[in-house]
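Each chain gets a letter, A, B and so on, in the order its sequence line appears, and its residues count up from 1.
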Amino acid sequence: MEIIDHYLYTKEHEWINIEENQGTIGISEYAQSSLGDITFVELPAADDEFDQAAQFASVESVKAASDIYSPMSGKIIEVNEDLVEEPELINKSAYENGWIAKIKLADLSETEDLMTADDYRKFLESIV
Amino acid sequence: MQATLQKTPLYDNHTSLDARIVEFGGWAMPVQYDGILAEYKQTRTHTALFDISHMGEFIMEGDCVEIGLDRLVTSAIADMPIKSCRYGAMLNEQGGVLDDLIVFRIEKEKWFIVVNASTTEKDAQHIQKHLKPGTTFQDVSLKTGKIDIQGPLAREVLSPLAPGIEKLNFYTFDHFDLLGQHVLISRTGYTGELGYEIYFPWEHTPELWQKLLEHKHVKPAGLGARDLLRLEVGYSLYGHELDENTSVLESGLNRFIDFKKNFFGKESLLKQKESGLKRKLIGFIADSRRSPRQGHKIYSESQDEIGEVTSGSFSPHLQKGIGLGFVLTEEGIRDKKIFFGNDKNKIPAIITPKIFYKNGSLKD
């Protein structure tokens, strides 16, 4: 299962890619594969603010609906509008074109609560 | 996977194809191989194979009225032509559905009945209890493998292997030579496409599976795609739209009920008809890509709770969410605006006829 080395991960299988005080958020390859064909993504609105671990989006697949939690606190800068018409982008490219939202990070120290790629790899091994 | 789950003769074939295996009605079944939407599309545009070996099959012999079979099912069967199939239901005395099934008339006095997997044991007991003592009854479920081949190219794929199947009309069957076996093939299915169901000796079923998969237009499809395909054509699924606590009239199977004959549950149904039904099964389409789910509530336009979703998914055909559900009878009016969801989140939809995909190859 593909894992990107410089991203950070949550136990709910979200990833965040931090660049300075901005983070891009999506769901992991493992998450998209478990969900199966994604048919709808409920996106947050620009300027919405979320606490760490708060639900900020949801995805629906042919099989089930699933909530997405924000890996860190912050304010939405941009959402991936392409997912409105092409939610399957998450299946095709979970770490790149299937990103969900970009947030302005409120507290960089929250990264301590996240897993590195190595931690996440071990975590997956422990649950699969 | 629990060790207690039953396995079809194709279990190893599924695992070798990396299928995702789930529990269904006590069986370990493939829910998907490459992905539900890809398998859905394969079935709608080409042809797919489904392992349906988990379903139950019974054989009975005798005059259907005399042995009591006629009284066990809702549909007229005494007038069935030989080599035809008929859909129907078995009811309890309250008019609830014990199971839905297909009756095959093999000979004038020989019947083959196909029932759901999770209900096979219950059905066998119920039938045997009510058949005239001494009637020949065989449960051949564990001797009978079953592969459904479904899709617009199904005839083209199957006829070179089983010459003559091209003559089968919708809801008829016959016996054909296929890979050295003499087997029953019916022109039936659960997808809304042209297709056949092949009843094959259990231990030889993998040979048939392999042979059919050699064709370039054939791929395997799992229960996930099957559920989506059936929902788009509005077919009921036992445990969702049909169960023991729901009247068959509420489930809307009226055209499979012969009120001219006697059958279990008839008196209750007549009373229900007289007093009026409380609920009815409706179809509905979301105004977005959002999917209804089993257990979601249904709300009126003024947001009063009026019912519950029994099946729901995203329809690739309509590119919208579709669902089936029960609502209070007076609310179930076509084109009426409703919502589905929960207290937190209500998604707009519109009531429609219980069919979402109409131009399939079913009767081609």
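Of the listed residues A:Thr39, A:Val41, A:Val84, the one with more heavy-atom pairs under 4.5 angstrom with chain B than any other is A:Thr39.
For B:Lys7, the NZ atom sits in a loose shell: 12 or fewer heavy atoms of surrounding residues, nucleotides or ligands are nearer than 6.0 Å. Annotation for B:Lys346: atom NZ counts as buried by contact number, over 12 foreign heavy atoms lying within 6.0 Å. The environment of A:Glu85 atom CD is sparse: at most 12 non-hydrogen atoms of other residues, nucleotides or ligands sit within 6.0 angstrom. Taking a 6.0 Å sphere around NZ of B:Lys219, one finds it holds 12 or fewer heavy atoms contributed by other residues, nucleotides or ligands. No more than 12 heavy atoms of other residues, nucleotides or ligands shown are found within 6.0 angstrom of CD on A:Glu96. Within 6.0 Å of CD on A:Glu20 lie no more than 12 heavy atoms contributed by other residues, nucleotides or ligands. For B:Lys41, the NZ atom sits in a loose shell: 12 or fewer heavy atoms of surrounding residues, nucleotides or ligands are nearer than 6.0 Å.
Between A:Ser33 and B:Arg20, some side-chain heavy-atom pair lies under the 4.5 Å cut-off.
Between B:Gly35 and A:Asp37 the shortest heavy-atom distance is C-OD2, 3.7 Å.
Heavy atoms closer than 4.5 Å to chain A are found in the side chain of B:Arg293, but not in its backbone. Proximity to chain A is absent for every atom of B:Gln319, based on heavy atoms less than 4.5 angstrom apart. Residue B:Leu228 touches chain A through its side chain alone, counting heavy-atom pairs closer than 4.5 Å. The contact between A:Ser58 and chain B is made entirely by side chain atoms (from C-beta outward), counting heavy-atom distances below 4.5 Å. With a 4.5 Å cut-off on non-hydrogen atoms, B:Asn345 touches chain A through its side chain but not through its backbone.
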TODO: Show your working on side chain to side chain contact (heavy atoms under 4.5 Å, CB included) between A:Glu42 and B:Ser288 and close with a plain yes or no.
DONE: CA-CA 11 Å; A:Glu42 184 177 34; B:Ser288 65; over 6 Å; no

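Between the side chain of A:Glu60 and the main chain of B:Arg290, no donor-acceptor pair closer than 3.5 Å is present. Put simply, the side chain of B:Arg289 never gets that close to the backbone of A:Phe40: no donor and acceptor are under 3.5 Å apart.
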